[in-house]
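Please read these numbers as outputs of a predicted model, since none were measured by experiment. Computed over heavy atoms, backbone and side chain alike; hydrogens, waters and symmetry mates excluded.
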Amino acid sequence: MEAGLGIHPARRYVLFDMPPTQQGIAVRFNAQALKIVVDDQGLSIGGQKTLFLASESNGPVSRDAGGPPGITGGAGGDGPTSVFDLSAWQEDVDVDERRQDPLYRIAVATPAARNGERLALARFLVGHRLAQEALGVMDRIEAEDKYADTDPSYRALRGVARLFARKYGEAAGDLRHPKLSAAQDVALFRGLLAVKRREYQEARREFLAGLPMLSKMPVEMQPDLRLAFAETALAQNDPKMAGEQVSALLRHTGTASRREEAKLMAARIHAMTGDTEDAAALFAELSESPYRPVRAQAIYAETNLLLDEKRIETEEAIERLERLRFAWRGDLFEFELMQRLAGLYIDAGMYRKGMMSMRQTVERFPDMPEAQALAGEMKEVFAGLFEEGEASELSPVTAMALYYEFRELTPDGARGDRMIRRLADRLAAVELLGEAAKLLEHQVLHRLKGEEKARVGTRLAVLNLLDGRPDDAITALRNTRTLSMHEDLQRERLLLESRALTEVGKYDRALLLISGLQGDDVGDVRTEILWRARKWDRAAVSLAPKLVALRENAQPLAQDARRDILRFAIASSLAGDRTALVELRRAFEERMKGQPEWPAFEVVTAEDRRDSAEFRNLAAEIAQVDHFEAFMSSYRDRLRDRPLSAIN
């Protein structure tokens with residue numbers, strides 16, 4: 001070079017720098033495989049790739065007020081038919097090596113130009129399916145430019161990255177931007193997204209809209225799109241369209257795994273069109289595939305085909321599919337597998353396994369529309385188990401455990417109340433009184449109002465009394481009181497509460513509750529209260545009407561009648577009413593002779609034996625007998641012959 005010639009200012013390129021010099025040229029290399037050539041024209045530096053100069057004028061992310069530019073500054077307006085620079089996505093390069101160029105350009109760019117270089121890197125990463133890395137770069141773009149995502153073309157790129165990263169909800173927000181509605185290349189990715197979310201009707205519409213761009217997409221991306229299109233066609237019962245996509249896919253050179261997927265789709269088309277023999281043969285072949293996803297899906301499809309053809313039983317199908325749960329996980333296949341298993345479990349009467357499988361599917365795939373539908377189906381299955389009788393095949397204990405494990409699925413309103421009532425009936429029928437009471441207690445506390453609450457509260461009180469818990473019976477009755485109540489229901493509740501109060505020793509309160517009631521059953525309860533309270537004179541008075549009726553009836557004395565006669569004798573004796581005893585002996589002596597109770601009757605009514613030890617022992621023994629069981633035994637008999645819900 002001539003004296004005095006140097007470099008000023010400095011030159012900065014992607015692969016090398018030229019610092020300022022007073023004379024001559026200094027080159028600092030930033031990459032290998034560069035060559036310096038000196039010839040008659042001067043000095044040249046180059047390599048196998050084009051050298052780029054980082055621009056400082058394109059701003060953080062290029063935007064145009066007239067409409068959304070393409071990612072590469074292409075088509076504008078409200079509805080571009082193409083947004084992506086597909087040629088850039090088709091570079092056949094070493095990704096790790098090629099990534100160094102934009103990384104360096106970002107590093108050396110001025111702050112104003114840095115986001116433009118980041119965008120180029122994000123586009124490159126998305127084109128090579130490095131979705132998480134692309135989203136990381138785009139996070140940096142948005143951190144420095146809060147308006148970046150107002151550009152629809154930027155949203156399109158981010159939407160594809162999120163789609164590849166399986167962030168389907170976020171991807172939908174980007175790809176469905178209104179100003180991208182006419183972009184045919186974006187429509188293809190919206191179709192792919194819809195397939196991932198199992199929204200096949202929308203997927204078909206989007207794929208048909210983007211069909212002109214399908215053959216122009218990068219070769220690496222076409223298999224995904226064509227397979228998704230074929231999947232959509234099958235879901236829409238269009239094997240012809242599915243076959244066209246599979247044929248196009250098989251004509252292109254692709255990876256071995258993609259060809260296996262295409263063959264799997266072809267087998268499914270055979271199955272749909274009724275060519276089950278060819279389908280079964282192809283499924284069997286692919287079940288030995290070296291590619292795990294293909295192998296798992298082939299076994300799944302083959303199992304369903306064999307089950308539909310009745311070549312295997314449900315139990316064998318379940319066994320096959322259970323093994324598949326460990327073969328491939330985390331995508332639509334797992335969703336379909338778990339959903340199918342749940343249905344087979346229910347069909348086989350394995351209700352808990354079926355419900356658990358449904359629950360796990362919904363929890364694992366919460367964003368899928370079909371998961372929400374499955375949640376509704378789970379509620380229907382659960383209610384049907386108790387409402388339509390399937391759970392009657394289970395033991396009451398198993399049915400109860402199933403209910404408590406999935407109680408949150410109990411339907412609202414009358415349907416759920418019927419379900420609970422039937423389960424409580426089953427538990428009470430086998431004398432699981434405490435468990436039946438828990439069901440009804442939850443019902444009266446959280447589900448019922450008005451007279452129905454009072455009615456179920458009455459049944460709850462019966463269960464508590466039969467289970468020896470009078471305090472809980474009182475609480476149940478008092479917590480379910482209502483102003484408007486049928487007269488018969490009100491009467492039964494008073495008798496039950498009086499019975500419970502007697503059990504806890506509150507005799508005066510028990511007598512007061514039934515003081516305004518009439519009837520033989522009321523008289524029996526009143527007698528029992530007085531007997532428990534050791535009010536012998538009043539107990540004898542309460543028993544007297546029964547004895548009057550027995551005296552007028554010449555029929556042989558039944559056991560209950562003989563017991564009442566004996567109790568009247570004891571009460572009169574302990575009350576010191578000798579006249580009543582004399583009259584009693586005169587009236588019933590002949591009819592009591594020869595009966596099991598005659599020896600006791602003779603001792604109690606004999607005038608000269610009242611002070612004997614034999615009398616005192618017999619009187620004490622009879623007084624201690626809990627005849628109050630007669631009242632509750634009627635409820636036990638009713639539960640034996642009819643369901644708990646028949647009470648009132």
Exercise for the section: For Glu319 and Arg323, run salt bridge (Lys or Arg N to Asp or Glu O under 4.0 Å): C-alpha distance rounded to whole Å, both residues' side-chain angles, the deciding distance at 0.1 Å, then the answer. Expected result: CA-CA 7 Å; Glu319 184 179 346; Arg323 289 198 299 266; 3.4 Å; yes
Pairing of [X] and [Y] as salt bridge, 4.0 angstrom limit:
X      : Y      : value
Arg295 : Glu288 : no
Asp508 : Lys535 : yes
Glu492 : Arg459 : no
Arg320 : Glu316 : yes
Arg567 : Asp560 : no
Glu487 : Arg491 : no

[X] side chain to [Y] backbone, donor-acceptor under 3.5 Å:
X      : Y      : answer
Ser515 : Leu512 : yes
Arg447 : Gly413 : yes
Ser357 : Gly354 : no
Glu302 : Ala281 : no
Thr410 : Arg407 : yes
Arg166 : Lys196 : no
Arg469 : Asn464 : no

Exercise for the section: Would you please say whether a donor-acceptor pair under 3.5 Å links the side chains of Thr480 and Arg493? Expected result: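 Short answer, yes.
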Exercise for the section: Just do the salt bridge (Lys or Arg N to Asp or Glu O under 4.0 Å) check on Arg352 and Glu405 with the steps written out, would you? Expected result: CA-CA 9 Å; Arg352 182 180 180 277; Glu405 189 165 6; 2.8 Å; yes
With a 4.5 Å heavy-atom cut-off, do [X] and [Y] have their side chains touching?
X      : Y      : value
Arg578 : Ser573 : yes
Arg415 : Met419 : no
Glu435 : Pro396 : no
Arg499 : Leu495 : no
Arg526 : Leu530 : yes
Phe335 : Arg198 : yes
Tyr200 : Glu231 : yes
Arg197 : Glu202 : no

Identify the heavy atoms of [X] and [Y] that sit nearest to each other, and give their distance.
X      : Y      : answer
Leu584 : Ala569 : CD2-CB, 3.5 Å
Gln297 : Phe333 : CG-CD1, 3.5 Å
Val444 : Gly457 : CG1-N, 3.9 Å
Pro239 : Leu234 : CA-CD2, 4.4 Å
Leu324 : Ala296 : CD1-O, 3.6 Å
Ala454 : Thr482 : CB-CG2, 4.0 Å

Measure the spacing between [atom1] of [X] and [atom2] of [Y] and express it to the nearest 0.5 Å.
X      : Y      : atom1 : atom2 : answer
Ile514 : Thr502 : CD1   : OG1   : 7.5 Å
Gln490 : Arg481 : CD    : CZ    : 8.5 Å
Ser498 : Leu513 : OG    : CG    : 6.0 Å
Arg340 : Leu307 : CZ    : CG    : 5.5 Å
Glu602 : Lys593 : CD    : NZ    : 8.0 Å
Leu460 : Arg455 : CG    : CZ    : 15.0 Å

Exercise for the section: Evaluate side chain to side chain contact (heavy atoms under 4.5 Å, CB included) for Arg325 paired with Leu341, printing each intermediate quantity in order. Expected result: CA-CA 10 Å; Arg325 292 194 62 183; Leu341 261 176; 3.6 Å; yes
Is it true that atom [atom1] of [X] has more than 12 heavy atoms of other residues, nucleotides or ligands lying nearer than 6.0 Å?
X      : atom1 : result
Asp412 : CG    : no
Lys506 : NZ    : no
Arg364 : CZ    : yes
Gln201 : CD    : no
Glu408 : CD    : yes
Glu309 : CD    : yes

Practice task
Classify the ring geometry between Phe382 and Tyr403 as parallel (under 30°), tilted (30 to 60°) or perpendicular (over 60°).
Solution key: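 Geometry flag for Tyr403 against Phe382: parallel rings.
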Exercise for the section: Over 60° means perpendicular and under 30° means parallel, so classify the ring planes of His442 and His446, tilted if in between. Expected result: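 The arrangement is tilted - the two ring planes meet at 30° to 60°.
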Practice task
State which residue, out of Glu589, Glu590, Glu583, fulfils the side-chain hydrogen bond (donor to acceptor under 3.5 Å, both in side chains) condition with Arg586.
Solution key: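 Of Glu589, Glu590, Glu583, side-chain hydrogen bond (donor to acceptor under 3.5 Å, both in side chains) with Arg586 is met by Glu583 alone.
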Practice task
Test side chain to side chain contact (heavy atoms under 4.5 Å, CB included) on Arg562 and Phe601 and set out the steps.
Solution key: CA-CA 9 Å; Arg562 299 195 301 270; Phe601 179 82; over 6 Å; no
Problem - Validation row, ring centre Tyr351 to ring centre Tyr345 under 6.0 Å - result: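 So the answer is no for these two rings.
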Practice task
Decide yes or no on side chain to side chain contact (heavy atoms under 4.5 Å, CB included) for Asp520 and Val522, but give the supporting numbers first.
Solution key: CA-CA 5 Å; Asp520 291 343; Val522 177; over 6 Å; no
Exercise for the section: Please assess Glu277 against Arg311 for the test salt bridge (Lys or Arg N to Asp or Glu O under 4.0 Å), listing each intermediate value before the final yes or no. Expected result: CA-CA 12 Å; Glu277 293 300 327; Arg311 301 185 196 180; 3.1 Å; yes
Practice task
Sort and list the pairs that fulfil salt bridge (Lys or Arg N to Asp or Glu O under 4.0 Å) and have at least one residue in residues 536-553, not counting sequence neighbours.
Solution key: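 The answer is Asp524-Lys546, Lys546-Asp564.
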Practice task
Could you please spell out the steps behind the side chain to side chain contact (heavy atoms under 4.5 Å, CB included) verdict for Leu344 and Glu315?
Solution key: CA-CA 8 Å; Leu344 291 177; Glu315 292 72 17; over 6 Å; no
